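By convention in this document, chain letters (A, B, ...) are assigned in the order of the sequence lines, proteins followed by strands, and residues within each chain are numbered from 1. Quick caveat, the model's predicted, so the values are computed rather than measured.
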Amino acid sequence: MEAIKTKIEVTEKERLPVVSEREAVFEARDLAVYYGDQRAIDGVNLDIYQRLITAIIGPSGCGKSTFLRTLNRMNDLVPAARLTGQLRYRGIDLYGPGVDAVEVRRRVGMVFQKPNPFHSSIYDNVAYGLRILGMKKDLDERVEKALRAAALWDEVKDRLKDSALGLSGGQQQRLCIARAIAVEPEVVLFDEPASALDPISTSAIEDLMHELKRDYTLVIVTHNMQQAARVADMTAFFGLDVSPDGNRQGVLVEYDETEKIFTNPSDKRTEGYVTGRFG
Amino acid sequence: MDKKSVLERTRGRLDRIGDPALKAITFAAAALAVTVLGLIAFELVRGSRLAFHRFGLGFVTSQTWDAIHNQFGALSLIFGTAVTSILAIAIATPLAIAIALFLTELAPKPVRALLGALVEMLAAIPSVILGLWGILVLGPFVQNQLEPFLNSTLGFLPFFRGPHSGTGILTAILILTIMVVPIVASVTRELFATVPPELREGALALGATRWEMVRGVLLPAARPGIFAAVALGFGRAVGEAMAVLMVIGSQIGIHLSLFAHSDTLAARIAGQYNGSSTNLQTSSLVYLATILLVISLAVNIGAQLLIKPIDRRPRRRRIALDRAFEAQGLSAD
Amino acid sequence: MNEPAFTLKATGRLRRRQLVNQGMGALAAGAALLAVAVLAIVVISVGSRGAGSLNLAFFTQNQAQGFNPKGGGVLFAIVGSVVLVGIATLIALPLGVLVAVYVSELAPPRLARVARMALDISNGIPTIVIGIFVFTILVAAHGQSALAGSIALAIIMLPLIARATEEVLLLVPSSQREASLALGVSRWRTTVQVVIPSALGGILTGTTLAIARVAGETAPLLFLTSLGTSSTADANPLHPLQSLTLVIFSYSDQADPAYQSKAWAAAFTLMCFVLVTSLAAKLALARYRKKLGG
């Protein structure tokens, strides 16, 4: 990873609500995730707040993606993955008995590192989720609304029937965002959404996240600290910890307002990471 | 003169002729492979001339196959081939896709390899063995259980009437289905495996169930390849001679009933192994082989054209696909 | 905390969708189970009928002469099969490798495409058609012989071996080729001394698969080599020889159960050979591909 020697500028944002007014969407309590015998993250205690952008940063291998994928139960797809501790979503135990992962994922959408449009038209990509969920009324309007919200409408409105694979990388990623928000989720997770994109597309995605914040709770995993500083209200720093049994696992080192993390971190490890001295 | 320079000189001489020689020899081999293909077509056309002069294209629309009166026609054989192959591929396709889905999407990892190997073993069983099994094991079951059952439940349809028999169209369809399922399944399985996992995750992350992901994302992404795989399986069914010869009953005639005896192009040719009595009959058999060749060429080339449009994939996937088709005798190029 | 106003459980529409999902999963599992069951039924019924008739005489003796189908064995057919497949391999293996070398190493792209397409089309030709072809060019004039059968089998094997070889040649890292060429080693030496040796494992397993495939072929042999009911062991390829597959076929429609049990025994022998060799070759090929990083 490229070392950053200078202090990172934190973008000016609207005032954050004071702590007592924030409403937690996710509450992680002593959360640990295992892949087989390997512990990937351990002892995570973290609240993610409604209608804010929360960034998760940290060195590679620190379990940031693992943590993100527990939030919409995508880790269920890894056969050997299991979880201890508790993770509540708006008060409900996300891994409690009877909870259906499909319902969780409908409410908690996800945008991936690599744009992954389906092999169908632009329109059908956005309509896919709506169709399976039975939201077939006003399908055209819903598709347009999602494409507008993803700032893609003007670029594609004349070629909705064209294959989505013909779009540029940045457009494909915005299409994937449109696809995710078309089904009206409550949260959207971004797993390094701009790491495969050029700077102009990246900046378009970041602008878009600011727009989406009005309606959605956003969580973004990124290895790009400037990006976290630019978009996030809250930032969680995950670090690597070696336990006495030799297992290397990710732990939550510090979680605070982005400004504080980047300008006045309380943990030495965070300070070392954000000023580029390690990681 | 010391040893080294002798060595170097021979090496130099060898190299001067080596490169063009290798090129010439390998080119000759490749040319031979292409020539054999052309020669097969030429010889078949030449061999069928006599029958063609006598019967013309009317051969294709005539039902008779009468060695005593020297009257030959292919219609009922074409009918038998079409009915057995189309019904076999119609039964086999959904089964094969379902098996491929189970193997790539549902079965636990350790089970996958084992099951996949078992399905491929089914494809490896020689057709003469399936034929033997068809006469002596499957046939009696069809005659005593399956046909009475079909007759009593669906007997109001003309397809399920008539005397029960262990040999006939129904048995041939079942044997062909058994032969075709593993072929289509293993190609389809490779196709599914080449669909990137990110596409699956994309659908699941939207709140799709696994089946909705399969229907909405996996099947559309693999569709052209599946068509090609089905065409390939169909070609195999059309060309299968032995197993069909052993179970179909070798009778000329067009019947609606699936219980009836019938015959196919390939099985009729194979069935005349003990010698035909006249040159005209031999020529008529070669004529049948020519028709068979035309059908198999059309199916094969059609399948290749189906695959072409998706060939903009990265090289790695293309190799995986090539391997899948090649294993079954078809290229993804 | 208040009781949440929503649920993450499957209700209503989602419950229906999950039922469809489970139903489809069950159908897929059922289809896979059916395929395995059919394989098991075929293998068990051939095994149970065939294994009982196997004894030393079956492999070491010829068919008893006269009208006594009991006793004796199928040595003549085993010898015939070995001769037929052996000669076919001797023809197809070198040709197939040469074609593959041309297509993957030397040919201009357009010619390579033509050759590849010809191989794939040949592969799709029904084997009975190949039998008729060899009949018209050889047997019609010179009579039946094992050699004619071998040529038909070689035509079937050639595209299989060529395509398998081409695939492994593609897997040989181009760095190996370039390293050799950069040392000033000529192209043919590079091909013969570097490329083919490192692809040898793949070529041999591909050939083994082709052998397993043609060992079970019957249709192309029907006109080309002998179909009599009695014969003696003979290895002369210019004579019409029998094969295991022809024996299975001709014994299968004999009314005498002694012949039928010989057909089962021959089928069991052939099945074991084909399944074991093709399984072993596939395992070896998978390992080989992994080694070359395919």
Query - Heavy-atom side-chain contact between B/Ile125 and B/Trp133 under 4.5 Å - result: no

Query raised in the report: Taking side chain as C-beta onward, heavy atoms only, is A/Leu87 less than 4.5 Å from A/Tyr95?
Result: yes

Report task. Please state whether the side chain, the backbone, both or neither of A/Leu77 comes within less than 4.5 Å of a heavy atom of chain B. Result -> side chain

Report task. Please flag which part of A/Arg179 lies under 4.5 Å from any non-hydrogen atom of chain B: side chain, backbone, both or neither. Result -> both

Query raised in the report: Considering only heavy atoms, which portion of A/Val108 lies under 4.5 Å from any heavy atom of chain B: side chain, backbone, both, or neither?
Result: backbone

Query raised in the report: Have A/Gln227 and A/Thr202 got a donor and an acceptor in their side chains that come within less than 3.5 Å?
Result: no

Requested in this report: Below 4.5 Å from any heavy atom of chain A, which atoms of B/Arg200 appear? Answer side chain, backbone, both or neither.
Outcome: neither

Query raised in the report: Does the distance from a Lys or Arg side-chain N to an Asp or Glu carboxylate O, for A/Lys145 and A/Glu141, drop under 4.0 Å?
Result: no

Query raised in the report: Can A/Glu144 and A/Arg148 be counted as an ion pair, charged N to O under 4.0 angstrom?
Result: yes

**Report entry** chain A interface, residue from B/Pro108, B/Pro220, B/Ala208 that has the most non-hydrogen pairs under 4.5 Å
**Finding:** B/Ala208

Report task. For chain B, find which of A/Met74, A/Met110, A/Gln113 contributes the most heavy-atom pairs closer than 4.5 angstrom. Result -> A/Met74

Report summary line: Residue set satisfying side-chain hydrogen bond (donor to acceptor under 3.5 Å, both in side chains) with A/Tyr128, at least two apart, ordered chain then number -> none

Query raised in the report: Which atoms of A/Pro185 come close to chain B, meaning under 4.5 Å heavy atom to heavy atom: side chain ones, backbone ones, both, or neither?
Result: neither

